[in-house]
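This report concerns only the one structure given below.
Any value given below was found using the heavy atoms of this structure, including those in side chains, with hydrogens, waters and symmetry copies removed. Within every chain, numbering begins at 1; the chains are lettered A, B, ... in the order of the sequence lines, protein sequences first and strands thereafter.
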Amino acid sequence: MDTKLLADLLFPNVTKTPDDMEALFPERNLPEGAIVSRMAPSPTGFVHLGNLVQGLTSERLCHQSGGPLFLRVEDTDAKREVPGAVSVLIEALRHYNILFDEGATIDGDAGDYGPYRQRQRVDIYHVYAKQLVLQGEAYPCFCTEEELAAIHEQQSAEKANFGYFGKWAIWRDRPIEDIRAELDAGHPWVLRFRSTGSIEHKIPFNDLIKGHLELTENDIDHVLLKSDGIPTYHFAHAVDDHLMRTTHVVRGDEWLPSLPFHLQLFRSLGFKPPKYLHIGPLMKMDGDSKRKLSKRKDPELALTYYRASGFPVQSVYEYLMTVLNSNFEDWRRANPDAPIDDFKFSYKKMNPAGALFDEMKLRDVSKNVISRMDADRVLAEVLDFAKDYDVELYDHLAADKTYARSILAIGRGGKKPRKDFAVFTDVRPYLDFFYDDWFRVTDEYPENFAKSDVVAALNGFLDTFDIADDINVWFDKIKAIADKLGYASDMKAFRENPEAYRGNVADISMFLRIAVTGRQNSPDMYAVMQVLGAERVKTRVRAMLGKLGAL
RNA sequence: GGCCCGUUCGUCCAGGGGUUAAGACACCGCCCUUUCACGGCGGUAACAUGGGUUCGAUUCCCGUACGGGUCACCA
């Protein structure tokens with residue numbers, strides 16, 4: 001076979017050579033040890049946890065090593081492309097602090113190794129396609145979809161391995177006349193790789209996450225260029241990651257089976273392969289068994305699910321970090337307020353198996369994350385959430401932000417901050433009683449107390465309450481009420497001899513709490529009253545007295 | 001079906017030829033506490049399985065089971 005003739009026949013317009021490409025995209029000038037990596041999503045408009053896991057890993061690796069992270073859009077499948085997907089993706093990742101140093105942007109490209117959208121790179125791919133033909137390592141195949149389906153069916157019947165190889169590879173060694181005839185007839189063709197691999201051979205391989213692997217060589221003549229001249233993932237991966245000088249490829253381990261083919265490609269093209277990190281899939285419990293999270297069945301795979309559920313971005317981020325690097329949790333505990341950059345992310349800490357997604361754990365992480373935020377931050381985050389998911393809440397908070405802030409400041413800060421919120425949907429039930437139109441006067445109290453006691457306690461409070469009291473004076477007054485009513489003001493004394501009292505000061509506090517907040521549980525009463533203000537506290541106490549028929 | 005990957009408490013996982021197999025979440029108990037939310041202390045609970053190699057295996061090797069992935073002109 002005259003490969004020069006074939007190459008010119010297939011790619012008459014390609015005049016550039018691989019050497020030209022090398023000159024155009026020279027090696028990067030980076031410090032020793034700098035990692036160059038990328039996110040390479042297809043623009044389907046659906047951003048999921050898997051993207052984030054991969055992106056986070058790449059991002060940390062690059063930015064902690066002083067190398068660039070870039071975004072390459074894998075838009076080789078026009079059928080799946082969704083308009084606007086690139087900006088959706090970039091926006092979503094920006095929230096998660098995954099910022100690109102170069103690559104595709106919302107309206108173009110930034111960087112010296114572009115274009116960063118694969119459909120704009122066809123000329124580049126064709127240079128290498130032609131080169132492979134020239135080397136006798138690629139050939140055109142004119143099989144129709146029907147023919148390929150027939151081959152597959154036949155293989156199935158024969159219990160043979162699937163794929164285009166060996167005797168099934170009917171265009172692999174066709175004479176050039178046949179090829180020319182098909183071409184002249186205008187029939188579509190794909191370019192296939194001429195594999196010389198054998199499934200009898202194993203290739204040792206070292207994956208940075210999975211460790212030492214032994215893979216079977218590839219013997220399939222995979223498609224390099226589709227009939228529209230656009231490359232498949234495999235070919236584009238080899239060409240792009242070489243020319244963009246990627247040093248580390250992070251991807252899901254569903255790519256492991258095609259890795260031998262990729263390695264073949266790199267060798268045939270004369271490229272040095274990058275280092276690979278294959279990440280195990282995120283799993284979930286389904287009945288008694290685990291399975292990979294699926295786009296179809298599992299809403300929690302979509303990033304939008306977390307926002308709608310009220311999880312702060314930072315919670316999802318830190319949860320994923322705990323899943324990715326097992327020592328992150330310990331580090332965070334020891335350094336509650338340190339920036340993420342201070343954490344030494346390491347692929348050596350990554351688990352080769354797939355992690356089970358655990359929403360309980362996410363909630364726990366989230367409680368801690370939110371408890372570390374100051375009131376202004378929480379308010380801002382809640383407003384941002386409520387704006388889209390609870391307009392009523394938004395209106396209440398936004399009407400008086402100073403007031404909202406003072407509510408959220410209760411128990412915040414200090415060594416043992418309150419941990420009331422795992423998600424922002426927890427906020428409204430937590431603070432609704434601070435708003436008069438949400439607050440409901442009640443006359444319900446536990447049955448084992450005498451109504452006269454409740455009334456006397458509330459009246460006693462009204463008689464002595466002064467908003468200006470400090471917390472000790474304030475509580476002493478409540479204790480005094482307790483004593484007067486035969487309730488123990490000293491809890492220790494009460495515990496030693498409960499029979500001697502009608503109740504204790506906690507019960508008195510409960511009566512007040514019910515009056516002021518409408519419920520038996522609330523944040524610290526003193527703080528609540530300070531926020532509510534003297535008039536509203538009194539109004540509410542009187543309202544309960546009224547409802548009890550005691551006014 | 002072929003090929004590949006994986007398997008330590010319920011879950012996330014640390015460890016790695018000799019350990020009382022660590023921690024976190026969840027659960028339970030106790031303590032602290034005027035309620036709640038925290039916090040503290042403690043507890044239940046794990047090396048899938050069978051063979052090797054070895055003085056000794058959870059750790060290394062082989063098989064089995066189970067789980068997952070993959071076998072497109074999708075990525």
Side-chain angles (χ1 to χ4, degrees), chain A residues 40-44 74-77 79-80 118 141 143-145 148-149 152 155-156 159-164 188-192 199 207 210 213-218 220 222-234 236-237 251-260 278 280-281 283 285 289-292 319 322-323 325-327 329-330 332-333 349 351-365 367 371 410-411 414-421 430 475 478-479 482 489 491 504-510 512-514 517 519-526:
Chain A
S42 33
T44 60
E74 310 235 320
D75 57 356
T76 54
D77 186 11
K79 290 188 293 292
R80 299 202 311 165
Q118 290 181 328
C141 165
C143 282
T144 61
E145 250 179 77
L148 291 173
H152 189 89
Q155 287 170 331
S156 191
K159 295 196 193 308
N161 287 344
F162 298 126
Y164 198 91
W189 53 278
V190 300
L191 190 73
R192 284 186 185 274
I199 55 170
D207 183 90
K210 303 251 180 199
L213 304 177
E214 210 153 81
L215 304 168
T216 303
E217 248 179 30
N218 167 59
I220 309 281
H222 285 292
V223 172
L224 262 20
L225 293 180
K226 300 184 264 189
S227 55
D228 56 5
I230 307 277
T232 56
Y233 168 85
H234 314 286
H237 157 53
R251 46 153 61 157
D253 69 359
E254 69 269 18
W255 288 108
L256 229 35
S258 46
L259 181 60
H278 287 95
M283 320 280 277
M285 239 23 223
S289 61
K290 294 184 192 179
R291 56 154 234 270
K292 187 180 173 182
Y319 171 70
T322 66
V323 169
N325 263 206
S326 44
N327 53 329
E329 242 184 316
D330 290 337
R332 180 46 94 199
R333 206 183 309 279
K349 287 284 180 187
N351 198 283
L356 228 218
F357 179 79
D358 184 352
E359 187 155 337
M360 287 305 282
K361 186 80 177 183
L362 205 209
R363 291 180 62 85
D364 179 66
V365 170
K367 273 187 170 183
S371 78
I410 295 175
K415 283 191 289 291
K416 292 198 288 183
R418 293 188 70 84
K419 296 184 179 177
D420 295 284
F421 311 139
Y430 169 85
F475 195 53
I478 291 172
K479 282 185 188 170
S489 61
M491 289 303 285
N504 62 58
V505 69
D507 300 322
I508 302 294
S509 296
M510 174 188 62
L512 278 174
R513 178 170 281 110
I514 290 173
T517 70
R519 54 172 87 150
Q520 291 190 39
N521 305 330
S522 81
D524 180 69
M525 275 302 292
Y526 179 78

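Within the nucleic acid shown, Thr76(A) comes within 4.0 Å of sugar-phosphate atoms alone, with no base atom in reach, counting heavy atoms only. The residue Gln520(A) sits close to a base: some heavy atom pair falls under 4.0 Å. Across all strands shown, Ser42(A) has heavy atoms under 4.0 Å from sugar-phosphate atoms exclusively, and none from any base. Looking at heavy-atom distances under 4.0 Å, Ile220(A) makes no contact with the nucleic acid at all.
Here the side chain of Asn504(A) pairs a donor or acceptor atom with the backbone of Asp507(A) at under 3.5 angstrom.
A 4.5 Å side-chain heavy-atom check between His278(A) and Leu259(A) finds at least one atom pair inside the cut-off.
For Asp364(A), whose side chain is taken as the heavy atoms from C-beta onward, the closest listed nucleotide among rA75(B), rA26(B), rG23(B) is rA26(B). Listed nucleotides rA75(B), rG23(B), rG15(B) differ in distance to Glu329(A); the shortest reach to its side chain belongs to rG23(B). In this structure, the nucleotide among rA75(B), rA26(B), rU34(B) sitting nearest to the side chain of Met360(A) is rA26(B). For Lys416(A), the side-chain atoms get nearest to rG39(B) when compared with the rest of rG39(B), rU34(B), rA37(B). When distances run from any side-chain atom of Thr216(A) to the nucleotides rC73(B), rC4(B), rU34(B), the shortest one goes to rC4(B). Nearest nucleotide to the Asp330(A) side chain, out of rU34(B), rC73(B), rG23(B): rG23(B).
The aromatic rings of His152(A) and Phe162(A) lie parallel to each other, their planes meeting at an angle below 30°, with 60° marking the opposite boundary.
No hydrogens or angles were tested; on distance alone, nothing pairs the side chain of Ser522(A) with the base of rC36(B) as donor and acceptor under 3.5 Å.
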